[in-house]
Amino acid sequence: MSDSPNRSVSRRSFLTSAGAAGALALAGCTEGPGSGTETGLSGSIRISGSSTVYPVAQAVTEQFRSQNPNVEFNLSRDGSGGGFSNLFCEGNSDFNNASREISSDEEDQCSSNGVEYHQITVATDALTVIVNNDNDFATDLTTDQLKDIWQADGATTWQDVNGDWPDQEINRFGAADTSGTFDYFRETIIGEDANHTSNYEPTEQDNTILQGVQQDQYAIGYFGFSYYQSNRDAVTAVNIQADDSDSYVEPTLDNAKSGDYPLARPLFTYPKVSSLKEDHIAEFARFMVRQSANTELIADQIGYVPNTEEAKQSELDALNEVISNA
């Protein structure tokens, strides 16, 4: 897709538009819909990858298109791993969103196909474990208990986890193994000495997890904090105790920002370096970095921890260096 002839605009027109966008950034504008500043950029952009990062990409692309109506987006939710292996590292998307860092196998796949990439941190998530609102016993869990619930050959009933809890089967809803959320949860909670259970409902659709837990008193699930924030009344978020802590920590943006929440994690997008040669893609990448520090957008509207201004500028400096050498 990066070789599509309708993507390009002249370098002169781009420099004019980039200057306008830069002026907006320096003025602290959020570049929201209706601001009326069109840059003249045109072309298409293919974005694949994480369903957790999808809300960020969706909101940012909508804002970018409000000023660049001739830029078209193809945005999909393939899971971090599914996007890397099936699209991005095959050279078939311009960005891959990811809720964990690119793996060594994916690096090798990209390298073998001549796909160079750049890593951008766009926000921080508080991965949230949820139970049914009628579950009044498992609202606080340790990371060891989570491991017992989610590892292969682990607990089958809630009583297996705690002898005082109901002798009822645990019904699990979670991310599919193509998901970065699955990889992060497996690595952080289960570790290398065990496998993630296959006795669960795997999906890339957060709504399937939500409805599964909402309709079953003895169910448990996990997904990104953003989806929980949008559905606070539907399910109960579990407070998590780290192995080396004395207290259970609520999943909140403040606790994720401070690092107190055990399941806080960075979220990424990876632009393909060769795509950054195209002016509309380079400017969109800059726009996404600028929006990463937009508290109203990232925290209030979506439900993730935004980058600090210092982190945003560091990301922008690194991106501009990659673009200048692309």
Side-chain angles (χ1 to χ4, degrees), residues 49-57 59 79-81 97-103 119-131 138-147 149-150 174-175 179-192 196 206 209-210 220-232 235-270 288-289 291-312 314-315:
S50 167
S51 60
T52 303
V53 185
Y54 182 87
V56 177
S80 304
N97 299 324
S99 55
R100 44 83 174 158
E101 291 189 328
I102 187 171
S103 70
Q119 178 179 289
I120 297 171
T121 301
V122 296
T124 298
D125 178 33
L127 188 150
T128 303
V129 178
I130 57 169
V131 294
T139 54
D140 296 329
L141 291 171
T142 68
T143 50
D144 281 345
Q145 288 173 322
L146 282 175
K147 179 177 180 179
I149 291 169
W150 287 95
S179 167
T181 297
F182 173 92
D183 294 333
Y184 173 84
F185 193 80
R186 181 184 59 186
E187 179 178 342
T188 305
I189 295 298
I190 299 172
E192 297 181 354
H196 190 288
D206 290 336
I209 298 172
L210 179 78
I220 188 170
Y222 63 87
F223 47 37
F225 182 81
S226 172
Y227 207 71
Y228 168 69
Q229 178 167 275
S230 301
N231 298 277
R232 285 180 178 273
V235 291
T236 298
V238 174
N239 303 320
I240 307 296
Q241 182 190 51
D243 294 341
D244 57 353
S245 173
D246 294 328
S247 59
Y248 293 90
V249 182
E250 182 183 2
T252 66
L253 298 187
D254 285 343
N255 288 336
K257 183 178 181 179
S258 68
D260 292 335
Y261 184 63
L263 297 180
R265 57 172 176 164
L267 304 176
F268 309 98
T269 193
Y270 289 78
M288 194 161 192
V289 171
Q291 294 305 305
S292 72
N294 183 341
T295 299
E296 180 181 355
L297 177 71
I298 301 297
D300 299 343
Q301 294 184 30
I302 299 174
Y304 294 134
V305 179
N307 285 342
T308 64
E309 287 294 326
E310 182 180 12
K312 179 198 75 175
S314 177
E315 293 282 358

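Judged by distance alone, the side chain of Ser226 and the main-chain N or O of Tyr304 form no donor-acceptor pair under 3.5 Å. For Tyr270 (side chain) and Ile102 (main-chain N/O), a donor-acceptor pair under 3.5 Å exists by modelled atom type. No donor-acceptor pair closer than 3.5 Å links the side chain of Ser314 to the backbone N or O of Ala311.
Taking the side chain as every heavy atom from C-beta outward, Tyr184 and Leu263 approach each other to under 4.5 Å. Here the side chains of Arg100 and Arg265 are not in contact, with every heavy-atom distance at 4.5 Å or above. In this structure, Pro266 and Val122 have side chains that are not in contact, with every pair of non-hydrogen atoms separated by 4.5 Å or more. The closest side-chain heavy-atom distance from Ile130 to Ile209 is below 4.5 Å. Within the 4.5 Å cutoff, the side chain of Asn97 has no heavy atoms near those of the Val56 side chain. The closest side-chain heavy-atom distance from Ile298 to Val305 is not below 4.5 Å. A heavy-atom distance below 4.5 Å is found between the side chains of Thr269 and Met288. Side-chain contact between Glu315 and Thr121: present, with at least one pair of heavy atoms (C-beta onward) separated by less than 4.5 Å.
Across all their heavy atoms, Leu253 and Gly303 have their closest contact at CD2-O, 3.4 Å. Of all non-hydrogen atoms in Thr128 and Ala126, the two that sit nearest each other are OG1-O, 2.7 Å. In this structure, Gly224 and Asp125 approach most closely via the heavy-atom pair CA-OD2, 3.4 Å. The two residues Pro251 and Phe225 have their closest heavy-atom pair at O-CE1, 3.0 Å. Residues Ala138 and Leu141 approach most closely at O-CG, 3.9 Å, considering heavy atoms. Shown here for Ala98 and Ser80, the closest heavy-atom pair between the two residues is CA-OG, 3.3 Å.
Checked for salt-bridge contact, Lys312 and Glu309 meet the test: a charged N lies under 4.0 Å from a carboxylate O. A salt bridge is defined here as a Lys NZ or Arg NE, NH1 or NH2 lying under 4.0 Å from an Asp or Glu carboxylate O, and Asp254 with Lys257 fails to meet this definition.
Note on ring orientation: taking the six-membered ring where Trp is involved, the planes of His196 and Phe182 are tilted (angle from 30° to 60°). In this structure, Tyr227 and Phe223 have perpendicular ring planes: the angle between them is above 60°, well past the 30° mark.
Looking at Asp260 and Asn255, their side chains never bring a donor and an acceptor atom within 3.5 Å of each other.
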Go through Leu297 and Ile302 one step at a time and tell me if the side-chain contact (heavy atoms from CB on, under 4.5 Å) criterion holds.
CA-CA 6 Å; Leu297 177 71; Ile302 299 174; 4.2 Å; yes
List the steps, then state whether side-chain contact (heavy atoms from CB on, under 4.5 Å) holds for Tyr222 with Val238.
CA-CA 10 Å; Tyr222 63 87; Val238 174; over 6 Å; no
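Just one of Ile149, Ile240, Leu146 meets the side chain to side chain contact (heavy atoms under 4.5 Å, CB included) condition when paired with Ile189; it is Leu146.
Asp183 contributes atom CG, which lies 7.5 Å from atom OG of Ser103 (distance to the nearest 0.5 angstrom). The CD1 atom of Ile220 sits 11.5 Å away from the OG1 atom of Thr236 when rounded to the nearest 0.5 Å. Considering CZ of Phe185 and OG of Ser179, their distance stands at 11.5 Å, rounded to 0.5 Å.
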